[in-house]
J.: 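Sharing a structure below in structure tokens format, with a few things to ask.
Just the heavy atoms: all of them, side chains too, but no hydrogens, waters or symmetry mates, feed the values below.
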Amino acid sequence: MVRSYFHLHLVSDSTGETLINVGRAVAAQYEGVSAIEHVYPLVRSGTQLERVINEIEQAPGIVLYTLVGRELTERLEEACRATGSPLLSVLEPVHRLLQSYLGTHSTARPGAQHMLNAEYFKRIDAMNFTLAHDDGNLPHDLNEADVILLGVSRTSKTPTAIYLANRGLKTTNIPLIPGVPPPAVLETLRQPLIVGLIASPERIVQIRQNRLLSLKADDSSSYVDRDAVANEIATSRRLFARNRWPVIDVTRRSIEETAAAIVDLHREHRLKFLAD
């Protein structure tokens, strides 16, 4: 398949995260087409916008923006008409819907979602907790966690934990090591949601082999033996089933998909915990 490319300009008066996520999510739906991203965060003055416009003129393409200032928006629209670049305000359709439903108008505040409020500091606290409890560290205060991830080596525990921390969930991850029993306290915890992560033996062996290759380590151990890995997974499955912990197969899941499933499970778990 011949791959084609197009310029995608993402203009934001904040961090640009919203635009990047929207742009990539949509572009991923088109096979054989890749976006050449031009990201312009924190565009809040006419001088900054003119530099952006200059780049758009040099490489015309699709322009997505999240600018709340009317003057900046009008200037960007004018420049895009001149270059023939399609332009879309990503947030405008949502604003119109909310205004219609709520019967009120929004207050223009660039980067309002990134204000240093209680939710922001909750995420920082969750991140600090998660980093301190990575890979089974500090097992004495597991009951303070919102989520506990269990799984054999290379089941994406750490990146999933970091992603969950960014969503404000204090997360600890504990590796399941052959011959080493998990902390006994796990079976008595009620507050944290405990989730088992598994993957196919083939997938885990592949990841472990790549890991050893990057470390230039010996790959002849049981760590990458297919039968040994299959036994590790079977043992972990029995542990999860015995304790009725929910299980997620991460073989074909992205970190984001795994985290989304866990967030949903945590919501249900929290409701049950509060009901009790």
J.: Under a 3.5 Å distance rule, please check whether R208 uses its side chain to pair with a backbone N or O of S153 as donor and acceptor.
T.: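 Side chain of R208 to backbone of S153: a pair is present.
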J.: Any luck finding a side-chain donor-acceptor pair between T235 and R238 under 3.5 Å?
T.: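 Side-chain D/A pair, T235 to R238: present.
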J.: Name all residues meeting the salt bridge (Lys or Arg N to Asp or Glu O under 4.0 Å) criterion together with D227; count only those two or more places apart in sequence or in a different chain, and write none if there are none.
T.: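 D227 satisfies salt bridge (Lys or Arg N to Asp or Glu O under 4.0 Å) with no other residue.
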J.: Is it true that the side chains of Q206 and R203 contain a donor and an acceptor less than 3.5 Å apart?
T.: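 Short answer, yes.
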J.: Looking only at heavy atoms, what is the nearest atom pair of T258 and L197, with distance?
T.: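 The answer is CG2-CD2, 4.2 Å.
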J.: For I162, is there any backbone N or O sitting under 3.5 Å from a side-chain donor or acceptor partner on T130?
T.: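 Not a single qualifying donor-acceptor pair exists.
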J.: Give me each pair satisfying ring-ring contact (aromatic ring centres under 6.0 Å, His included) with a member in residues 230-267, each pair once, sequence neighbours excluded.
T.: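 Those involving residues 230-267 do not exist here.
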J.: Might you work through the side chain to side chain contact (heavy atoms under 4.5 Å, CB included) test for I248 and L265, ending with a clear yes or no?
T.: CA-CA 11 Å; I248 297 177; L265 288 170; 4.1 Å; yes
J.: Any Lys/Arg nitrogen of E257 or R252 sitting under 4.0 Å from an Asp/Glu carboxylate oxygen of the other?
T.: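 Salt bridge: no.
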J.: Checking E78 now: which residues fulfil side-chain hydrogen bond (donor to acceptor under 3.5 Å, both in side chains) with it, not counting sequence neighbours?
T.: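 side-chain hydrogen bond (donor to acceptor under 3.5 Å, both in side chains) check on E78 returns nothing, list empty.
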J.: Where do P192 and H269 come nearest, in terms of heavy atoms and distance?
T.: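 Between these two residues, the closest heavy atoms are O-NE2, 3.3 Å.
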J.: Using the side-chain hydrogen bond (donor to acceptor under 3.5 Å, both in side chains) rule, pick out the option among R24, H7, H9 that qualifies with E37.
T.: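 Among R24, H7, H9, the one meeting side-chain hydrogen bond (donor to acceptor under 3.5 Å, both in side chains) with E37 is R24.
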J.: Would R267 and D264 pass as an ion pair if we require N to O under 4.0 Å?
T.: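 Answer for the salt bridge query: yes.
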